[in-house]
Each structure stands twice: as C-alpha cells, then as structure tokens.
Amino acid sequence: MVDFRLYNTLTRSVDVFSPADGKTVRMYTCGPTVYNPAHVGNFRTFLFEDLLRRTIRLGGWGVHQVMNLTDVDDKIIKRASERGLTISEVTEPVIETFHVDREFLRIQNAEEYPRATEHLPEMIELVRKLVERGIAYQADDGSVYYAIDRFPGYGKLSRLDTREIKAGARVVQDDYTKENAQDFALWKAAKPEDEKAGAAWDAPWGRGRPGWHLECSAMAMRYLGETMDIHCGGVDLVFPHHEDEIAQSEGATGKPFSRFWCHGEFLLTEGSKMAKRVGNVATVGDLREQGVSPAAFRHFVFSTHYRKQLNLSSEALEGSIEGVRRVGDFSDRLASAKGGTPALAAAADEAEREATNALFDDLNAPLAMGALFTFIRKANAELDRGGDDRAALDRARSVFARINGVLDIVPSLEVGDEASRIEARLAYRRAARERRDFATADAIRMELEAEGIAIEDGPSGTRWKRAR
RNA sequence: GGCGCCGUGGCCAAGUGGUAAGGCGGCAGACUGCAAAUCUGCUAUUCGUCGGUUCGAUUCCGACCGGCGCCUCCA
C-alpha cells in the first residue's frame with residue numbers, strides 16, 4: 001500500500017498522513033450556517049470532504065466524521081427578528097433542505113451533525129477555562145473576548161502578520177471595549193433581539209450567546225478529543241475562523257488541536273467567488289432545473305483538483321454530463337456482459353493501481369478519473385472482442401466498483417433484478433430478428449424504450465442500458 | 001498596502017528538468033436491417049510574455065502581463 005499523502009495548511013506541504021490511533025480517522029468538517037440553503041459553492045467544499053472521507057476508507061481506515069450545523073449566529077438572529085420567529089423556526093427547515101441537497105449529491109452521512117444550540121454547556125466550560133487561564137477577559141460591554149497576544153502561537157496557521165494590515169484592506173469596525181482590535185468574541189452579551197429570538201443563554205458572565213468560533217472548538221473536542229486527525233473547511237476559513245479555533249482550543253488544553261488542516265478552494269461563477277453578497281449563487285435546485293445530475297456535478301467538481309479554483313460554466317457542465325453518460329453506459333455494459341478476456345483483467349489491474357495512487361496523492365481526483373476513462377476505453381475494446389473469461393469480468397467489475405465507490409459518478413440507480421426480465425424480452429427479440437421479423441423486433445425496442453431502457457445491437461449480440 | 005494561488009489544444013483539465021494523461025467537442029474510418037453505442041485514426045513541435053540557469057525547461061529563477069482569492073461575515 002502506498003502512503004496516503006495530504007496537503008497540510010499548517011506546514012504548507014504535502015505530508016504523509018495516517019490516523020493517530022492507526023485505525024480510525026477522526027475528522028471535523030466545518031458545516032453550514034443554516035440561515036439560508038447552501039449554494040453549490042458550499043457544496044464544492046462538502047464534496048471535497050466526501051472525497052477525502054471515501055478515499056480514507058479506500059485506504060482501509062475507519063472514519064469518524066463530525067460536521068457541525070451552525071444554528072445560532074448574527075444572520076440567523078437577524079432573519080428571525082425580521083420575521084418574528086425564533087432561531088430554531090428559521091433553522092429547522094434549512095437544516096432539512098441541507099440534508100436533502102446533501103443526499104441528492106450523494107455526499108455520505110457524517111457520523112455526527114452536532115448543533116451549536118445543543119452544546120452550550122461545553123462552550124461555556126471552554127470559556128471558563130480560558131478565563132481561568134487569563135487568556136480571556138470580560139469587557140465593559142459584558143462580552144468575553146479572547147486576548148490574542150496571550151497565545152504565542154497565534155497566526156501559525158494563516159501566517160498573517162497582524163501588524164501588516166494596512167490601507168486597502170477592508171477595515172474592521174472598531175469595538176472600543178476590546179483590549180486589542182484583533183481580539184475576538186467568545187461570548188456575546190445578550191441584546192433584546194437575541195432574547196426575543198430565543199438566542200440567549202445563562203452563563204457565569206451573564207446572559208448571552210456564543211461567538212462564532214467557539215462552537216467548533218467545543219464540539220470538535222467533545223466528539224473527537226483534544227487532538228483530532230484532520231480539520232477541514234473552505235479556504236476562507238483559514239483566517240480568522242480556524243486560526244481562532246486553534247487559539248481557543250490550544251489555549252485551553254495546551255495540546256495540538258488538529259494534526260492536519262485541509263482546505264478546499266472556491267467555486268467561481270462569473271469570474272468571482274460564489275457568494276450571496278456578490279449575487280452569483282446557484283443552488284442544488286438550479287442544478288436540477290438545468291438537468292445536471294448528481295453524477296454530472298460530482299464529475300464536474302472532481303475534474304479539477306480540490307486546491308484549485310474551479311469555474312462554474314455551462315460548457316464544462318455539459319462536458320461532465322456527456323462524460324458521465326459514458327461512465328453509466330459502461331457500468332450497464334459490465335452488468336450485462338457475459339465474460340471477458342485476460343487483457344480486460346490486466347486493464348483493470350492497471351486502472352486500480354493508477355486511480356488509487358492518484359487518490360492517495362493528495363486526492364488527485366482528476367488524475368484518477370483519467371485512469372478510469374482509460375480503463376473504460378480499453379475495457380470496451382475487450383468487451384467488443386467478446387471472451388468468456390468470467391474471472392476477468394469479475395475483476396473488471398470489482399475494480400470499477402472500487403473506483404466508482406470513491407467518485408460515485410454513475411448516473412441513475414443501479415440495475416438490480418430488472419436485468420433478467422429485460423434479458424428475457426431481448427431473447428424474444430433476437431428470435432424475431434433471426435427470422436428477419438423486424439416489425440416485432442422494433443416493437444420490442446419501442447416497448448423497452450418506453451420503460452427507459454435503450455438497446456443496442458452489435459456484433460456480439462444486443463446490449464441494453466438505461467436511457468440517460 | 002501586505003500575503004498567496006493560478007494562466008496547458010475550441011472548452012474542461014493532469015503533469016514532469018529529458019521532450020505534453022484524460023474528458024467534452026470536431027473530422028475521418030470500422031461495425032450496423034435501422035438506430036445507438038463502441039472501437040480505430042486524426043485534432044498543442046507546444047504549455048501567458050520576455051529574459052536567465054541548464055547539455056536540455058512547460059516544469060527551476062527573475063521581471064512583466066492577465067485572472068482569482070485572503071487580510072471583515074464567508075465553503
């Protein structure tokens with residue numbers, strides 16, 4: 001088995017990875033803030049994490065993945081007060097939509113989806129520890145802040161020199177109650193609208209609500225321990241979110257918070273980052289309307305390395321739709337094949353080796369897909385040739401299943417026991433064709449087409465597949 | 001202003017100090033009752049531009065041009 005290598009933002013290099021306990025990867029993936037349905041840019045990151053998760057399992061390790069749902073924050077409270085609702089009335093439907101979209105895109109279930117509002121005790125305890133250690137302080141406004149100059153490692157992830165922020169940078173609104181402009185809120189004193197929206201809790205420092213970064217530190221440590229294997233998110237979370245998580249967690253425990261930090265690049269539309277503030281967002285619903293299947297979108301996302309920006313364009317999407325159709329046709333062909341050749345097995349061996357190596361080399365999905373497509377071409381050529389080598393066919397099937405088990409880019413559902421019913425009608429049609437009764441042959445073709453089954457006559461017999 | 005990433009054929013895209021994977025599209029051929037699929041061949045003497053290092057650079061270095069991102073909430 002080759003080493004599994006991953007780019008680590010902490011070291012800025014591709015390092016050999018294995019879980020600390022040698023068996024199960026403990027992974028935290030920053031999830032959505034549920035005030036609005038996630039857009040496909042958000043889902044690019046979640047797909048990168050799905051790729052990571054599946055590749056880890058391909059390597060034979062277990063995974064314990066935690067994805068938080070941020071269900072209390074400024075935007076949620078704002079929306080709730082605008083509509084006279086509580087925050088949970090705002091977040092519940094959005095969470096539901098998130099899971100529907102996530103499943104649509106075939107993103108595997110994480111082991112835990114903890115919500116911030118269900119972890120107040122853990123968060124309060126973390127703040128208490130930080131105050132006790134003299135790293136956090138309560139300001140005149142009643143809020144509790146983290147004093148970044150009391151944590152020597154501050155800035156090690158983002159490598160930002162905090163003194164270098166100059167003209168041209170977007171300027172922070174000064175909060176004069178803080179000791180240092182860079183200090184961030186751990187606990188925000190409750191305002192009337194927070195109370196009204198049900199977003200205020202009792203704490204030793206008075207009623208209030210958690211700061212943005214706090215939930216991730218508290219919940220990550222609650223479910224994964226003080227040091228986890230991997231912490232992921234989009235590149236925009238490097239600073240300040242992840243930097244602040246490190247400060248909070250390591251400030252409290254004195255132990256490394258995460259061994260690896262992995263970040264996915266942005267999805268761009270119309271030349272810039274997809275973001276609600278830019279107004280260039282597309283949702284999973286938009287994808288459906290454009291006829292972009294989950295398989296096609298996965299193909300599109302995985303066709304570019306996760307650390308490279310990716311442009312959402314209709315041409316690229318169309319290429320993915322066609323590419324994935326080919327993968328699906330091949331999948332059906334493997335299912336309906338009767339045998340293979342030794343060369344088929346050899347092609348499968350090569351594909352497995354190349355795809356696996358690519359994936360283990362910092363999740364090089366584009367290269368893995370290249371290996372898959374090369375395999376498809378070679379395997380199709382061998383299947384054209386016929387052959388009755390059952391073992392070779394089984395080998396091809398299992399390799400295809402293994403690679404596709406990571407990429408998951410076959411459109412529509414698996415074939416199942418429909419196969420024998422279709423085969424029976426094809427046998428009847430074959431008899432009709434042999435007596436040159438093409439009227440009957442075409443009638444059967446039409447029947448099957450009406451059921452969504454396309455058939456193709458070739459030198460080695462008739463194949464069938466689902467129409468896509 | 002600081003920091004960083006990217007620029008490969010019509011489109012998407014991998015890649016390496018030794019001479020350009022793969023997909024989509026296009027063209028031609030094979031196969032075929034029809035159709036579709038599939039296969040085969042062709043489709044970048046060239047990797048933003050200009051210099052430098054080197055026997056040799058797309059790959060290393062420098063400058064420049066262009067695009068994007070982070071330094072605020074943000075996947």
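Order of the sequence lines sets the chain letters (A, B, ...), proteins ahead of strands, with each chain counted from 1. What you are looking at is a predicted structure, and each value in this text was computed from that prediction instead of being measured.
OP1 and OP2 of B:U38 both lie 4.0 Å or more from every side-chain N or O belonging to A:Arg385. The side chain of A:Lys276 places no N or O atom within less than 4.0 Å of a non-bridging phosphate oxygen (OP1 or OP2) of B:A75. An OP1 or OP2 oxygen of B:A75 is reached within less than 4.0 angstrom by no side-chain nitrogen or oxygen of A:Arg277. Using a 4.0 Å cut-off, no side-chain N or O of A:Asn364 falls inside it from OP1 or OP2 of B:A14.
Among the atoms of the strands shown, base atoms are found under 4.0 Å from some heavy atom of A:Leu267. Counting any heavy atom pair closer than 4.0 Å across all strands shown, A:His305 reaches sugar-phosphate atoms only and no base atom. No contact: A:Arg159 has no heavy atom under 4.0 Å from any strand. When heavy atoms are screened at a 4.0 angstrom cut-off, A:Glu322 is found touching the sugar-phosphate backbone but no base atom. Residue-level contact check: A:Ala454 touches neither bases nor backbone, having no heavy atom under 4.0 Å from any strand. Note on A:Pro240: only backbone sugar-phosphate atoms sit closer than 4.0 angstrom, heavy atoms only; bases stay farther off. Heavy atoms of A:Gly41 sit under 4.0 angstrom from at least one base atom. At the heavy-atom level, A:Ser313 lies nowhere under 4.0 Å from the strands shown.
Along RNA chain B, the nucleotide nearest to A:Ala371 and the one nearest to A:Asp236 differ in position, and the one closer to the 5' end is contacted by A:Ala371. Mapping A:Asp244 and A:Asn311 onto RNA chain B via the closest heavy atom, the residue that lands nearer the 5' end is A:Asn311.
Base pairing of B:C3 is made with B:G69, judged by Watson-Crick or G-U wobble geometry with both donor-acceptor distances under 3.5 Å. Across all strands shown, the partner of B:U38 is B:A30, judged by Watson-Crick or G-U wobble contacts whose two distances both fall under 3.5 Å. Using the Watson-Crick or G-U wobble rule with both distances under 3.5 Å, B:G25 pairs with B:U43. In a base pair of the Watson-Crick type (N1 to N3 plus N6-O4 or O6-N4) or a G-U wobble (N1-O2 and O6-N3), with each distance short of 3.5 Å, B:G51 is matched with B:C61.
Taking the centre of each ring, A:Phe400 and A:Phe375 stay at or above the 6.0 Å mark. The distance between the ring centers of A:Phe46 and A:Phe43 falls below 6.0 angstrom. Between A:Tyr306 and A:His263, the distance from one ring center to the other does not fall under 6.0 angstrom. The distance between the ring centers of A:Tyr145 and A:Phe184 does not fall below 6.0 angstrom.
Scanning atom types as modelled, no donor and acceptor separated by under 3.5 angstrom connect the side chain of A:Asp74 and the base of B:C73. With hydrogens and angles ignored, no donor-acceptor pair closer than 3.5 Å exists between the side chain of A:Asp361 and the base of B:G15. One donor-acceptor pair, N or O on each side, does fall under 3.5 Å between the base of B:C34 and the side chain of A:Arg445.
The side chain of A:Lys308 approaches B:G7 more closely than any other nucleotide in the set B:G23, B:G7, B:C71. In the set B:A14, B:C39, B:G69, the nucleotide with an atom closest to the side chain of A:Lys273 is B:G69. Among the nucleotides B:C70, B:U38, B:C12, the one closest to the side chain of A:Phe266 is B:C70.
Between the side-chain ring of A:Phe438 and the base of B:G33, a stacking contact exists by the 5.5 Å and 30° definition.
For the pair A:His231/A:Arg26, no side-chain contact is recorded, criterion being any heavy-atom separation below 4.5 Å from C-beta on.
A salt bridge links A:Arg333 with A:Asp384; the closest basic N to acidic carboxylate O contact falls under 4.0 Å.
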